[in-house]
Amino acid sequence: MASLVLSPPLRPRVPFPSYLHRLHSARSILASPGHVNPNSRRRGNPRESLAASVATEPRVVVPLPPVETERGGEQKLAAWRSVRQERWEGELEVEGEIPLWLNGTYLRNGPGVWNIDEHEFRHLFDGYATLVRLSFRGGRMAAAHRQLESAAYAAAKRNRRLCYREFSEAPRPENFLAYVGELASLFSGSSLTDNANTGVVVLGDGRVLCLTETVKGSIEIDPDTLDTVGKFEFSDGLGSLIHSAHPVVTAEEFVTLLPDLLRPGYLVVRMVPGSNERKVIGRVNCRGGPAPGWVHSFPVTEHYVVVPEMPLRYCARNLLRAEPTPLYKFEWHPESGSYMHVMCKASGKIVASVEVPPFVTFHFINAYEEEDGDGRVTAIVADCCEHYADTSILEKLRLQNLKSFTGLDVLPDARVGRFRIPLDGSPIGELDAALDPNEHGRGMDMCSINPAHLGKRYRYLYACGAQRPCNFPNTVTKVDLVEKRAKNWHEDGAVPSEPFFVARPGAVEEDDGVVISMVSSQNGEGYALLLDGSTFEEIARAKFPYGLPYGLHGCWIPRKN
Ligand SMILES: CC(=O)/C=C/C=C(C)/C=C/C1=C(C)CCCC1(C)C
Ligand SMILES: CC(/C=C/C=O)=C\C=C\C=O
Ligand SMILES: [Fe+2]
């Protein structure tokens, strides 16, 4: 069994946090008889307030769990296996050179625990939120890993069963009365999960939030300790239960969309630093369908918010079901049309609403305004990771499918979908591939850009692409939207997470910086990978002492001094 003592012990050249070698790790608490909670057989309502559930656990050194092995002793990819670390911290040995200017913290959130005892979750998006941190200073790298103490996670640990509705999983009511109670709690939102497993953002005032698609799953954390601070309470009484998992966050504002399932549409809202109050910028009424389209993310330009209306729409009936449907809480309505709406940020007025070809996307990449010779904005260009209007990608993200790669090429094709939304009153917008998708192996998701280009013209995007055959995006790709070429990083059998671009302070070129990704490698290990943003050559990697589960989105917090 591996142990967490780094060998040989590293002697910091620059002061590092003193907690680096105080470690606490435990695998699958929910499966470990040693962790049976005395309350675990408790009946009644297992849901509780987040504040009550925030636990401060003792820091003790315990051995690392053995890396799971397949029959015959061959080690397995950790990406889709639960890797529980209630509290782990350590310095990582670096191969290569970390630029001395890289000074700050990269935080990544994502599902990382997909079981409760013997019960294995169904879908990638069901897993309990897992934070991994990389701290860079003076060319060195330290790391930390913790579970987020959401009420959903705390209740699952305490009761050893699912207590809240996750993306594809719902607690099974024990009888008809309990079922009626469940329905009532669904309308109040109390049965929805607060498992904030999708992203992590830094507000302009420095507060750090983990987020998911339920509004109650907005949870503040302390980036230094990864402690769960508590639920982020919005003080505005806007009342929506769900929002986009990806608000657009800058030093000046937090902008997000609140889908309205009763009167199909979206509220576009804005919150400023230091406040917990979202103010309504405006409202978009849906043009099609029985319900709003899923808005996992949306793009903005300097002056406009773009509201996508996909034919993959929320479905009230599916929300009420305990059993998953083929598209989970959603339904595909191609007949309802697909639209892109553009709202002026200053006035809340809708300046364009055009019909576009059908599309399926989780992630918008960026958007910008096109001007004519007189500086008048004539169109909005909005780019996304587009799945050819094929919803089967949702099914491909089931854990059973992710875990059973047979060598067949089963990842559906994806492209950089580029919308052109005219602002001259024409009713139709365009959607085309921004470059030949073969440049990135016809895989495209989990994207980032240089944040200095948010809402502006830009040339480069970073994302995960594909080296086929594969069942999941397995490359890190840099796309040059001007040359229409891509550079691809790949390692056999490895699964890299979202490449995250960090600009060099003082940089002039858009791609002057580094790209960080966390890789789960074929042999069961996990490492942080640094690529040069410009050449896309590997500049450093640093191995974790255990395998890393897959994670979703990250953020960068520069060090202040
Ligand atoms: C991880 C990720 O990308 C998406 C997570 C989405 C979640 C947890 C969605 C949850 C939902 C419910 C539990 C009920 C209401 C609808 C919806 C927001 C999809
Ligand atoms: C990981 C993923 C899609 C991969 C497709 O190729 C989507 C994640 C969505 C949530 O953040
Ligand atoms: Fe996402």
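Ligands are counted one by one from 1 in listed order, and the atoms in each one are counted from 1 as well.
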Quick note on ligand 1: atoms under 4.0 Å from a heavy atom of Ile242 include exactly 18 (C)

How far is atom 6 (C) of ligand 1 from its nearest protein heavy atom, and which residue and atom is that? Glu213 CG, 3.4 Å

Answer with side chain, backbone, both or neither: which part of Leu552 has a heavy atom less than 4.0 angstrom from an atom of ligand 1? side chain

Within a distance under 4.0 Å of any heavy atom of Ile393, pick out the atoms of ligand 2 and give their elements. 5 (C), 6 (O)

Hey, which atoms in ligand 2 end up nearer than 4.0 Å to a heavy atom of Pro473? 5 (C), 6 (O)

Given ring-ring contact (aromatic ring centres under 6.0 Å, His included), test Phe544 with Tyr527 step by step and report yes or no. CA-CA 5 Å; Phe544 278 65; Tyr527 60 91; 9.4 Å; no

Is it the side chain (CB and beyond), the backbone, both or neither of Leu241 that lies under 4.0 Å from ligand 1, heavy atoms counted? neither

Taking the ring of Tyr328 and the ring of Phe125, is the distance between their centroids below 6.0 Å? no

Residue, atom and distance of the protein heavy atom nearest atom 17 (C) of ligand 1 read Lys329 CG, 4.4 Å

Can a donor-acceptor pair be found, under 3.5 Å and without considering hydrogens, that links the side chain of Asp413 to the backbone of Tyr388? no

Between Arg485 and Glu439, is there a side-chain N and carboxylate O pair less than 4.0 Å apart? yes

Are Tyr266 and His341 linked by a side-chain donor-acceptor pair shorter than 3.5 Å? no

Under 6.0 Å from the CD atom of Glu335, do we count more than 12 heavy atoms belonging to anything else shown? yes

Only heavy atoms of Glu166, strictly under 4.0 Å: list the atoms of ligand 1 that pass. 13 (C)

Closest to atom 2 (C) of ligand 1 among protein heavy atoms sits Thr198 OG1, 3.3 Å

Check the pair Lys329, Glu213 against salt bridge (charged side-chain N to carboxylate O under 4.0 Å, His left out), reporting the backbone distance first and the verdict last. CA-CA 12 Å; Lys329 313 285 192 278; Glu213 309 225 339; over 6 Å; no

Does the separation of the ring centres of Phe405 and Phe472 fall below 6.0 angstrom? no

Is ligand 1 under 4.0 Å from a heavy atom in the side chain of Asn195, in the backbone, in both, or in neither? neither

List the steps and the verdict of salt bridge (charged side-chain N to carboxylate O under 4.0 Å, His left out) for Arg415 and Glu386. CA-CA 5 Å; Arg415 59 180 172 169; Glu386 207 274 312; 2.8 Å; yes

Heavy-atom distance under 4.5 Å between the side chains of Met271 and Leu203, does that happen here? yes

Best match, Thr212, Asn318, Val215, Val295: closest heavy atom to atom 8 (C) of ligand 1: Thr212

Is His296 touching ligand 1 with its side chain, its backbone, both, or neither, if touching means heavy atoms under 4.0 Å apart? side chain

If you count every heavy atom of other residues, nucleotides or ligands that lies below 6.0 Å from Arg321 atom CZ, does the total exceed 12? yes

Ring centers of Tyr460, Tyr458 separated by less than 6.0 Å: no

of all protein heavy atoms, closest to atom 15 (C) of ligand 1 is Leu319 CD2, 3.5 Å

Judged by non-hydrogen atoms, does His553 sit under 4.0 Å from ligand 2? yes

Number of protein N/O/S atoms that sit closer than 2.8 Å to the Fe ion (ligand 3): 4

Do the side-chain N and O atoms of Ser497 and Arg108 include a donor-acceptor pair separated by under 3.5 angstrom? yes

Nearest protein heavy atom with distance in Å, relative to atom 14 (C) of ligand 1: Leu192 CD2, 3.6 Å

Any atoms of ligand 1 less than 4.0 Å from a non-hydrogen atom of Phe167? List them with their elements. 6 (C), 7 (C), 9 (C)

Measuring from atom 13 (C) of ligand 1, which candidate in Glu169, Arg165, His123 has the nearest non-hydrogen atom? Arg165

Using modelled atom types and a 3.5 Å cut-off, is there a donor and acceptor pairing between side-chain atoms of Arg278 and backbone atoms of Val269? no

Would you find a donor on one side and an acceptor on the other, under 3.5 Å apart, between the side chain of Arg81 and the backbone of Gly524? no

Considering only protein heavy atoms, which is closest to atom 4 (C) of ligand 2, and at what distance to one decimal place? Asp445 CB, 3.8 Å

Report the part of His296 (side chain from C-beta onward, or backbone N, CA, C, O) that has a heavy atom under 4.0 Å from ligand 2; answer both or neither where that applies. side chain

Under a 4.0 Å heavy-atom limit, does Phe330 contact ligand 1 with its side chain, its backbone, both, or neither? side chain

Just checking, is any N or O donor in the side chain of Asn195 or Glu166 under 3.5 Å from an acceptor N or O on the other one? yes

Determine whether the side chain, the backbone, both or neither of Met444 has a heavy atom under 4.0 Å from any heavy atom of ligand 2. neither

Can you spot which of Val476, Thr477, Asn474 makes a side-chain contact (heavy atoms from CB on, under 4.5 Å) with Asn488? Thr477

Report yes if His363 has an N/O atom closer than 3.5 Å to an N/O atom of ligand 2; otherwise report no. yes

Output field: ring centroids Trp294/Phe362 closer than 6.0 Å: yes

At a 4.0 Å threshold, what atoms of ligand 2 neighbour a non-hydrogen atom of His387? 5 (C), 6 (O)

Contacting atoms of ligand 2, where contact means under 4.0 angstrom from a heavy atom of Phe125: 8 (C), 9 (C), 10 (C)

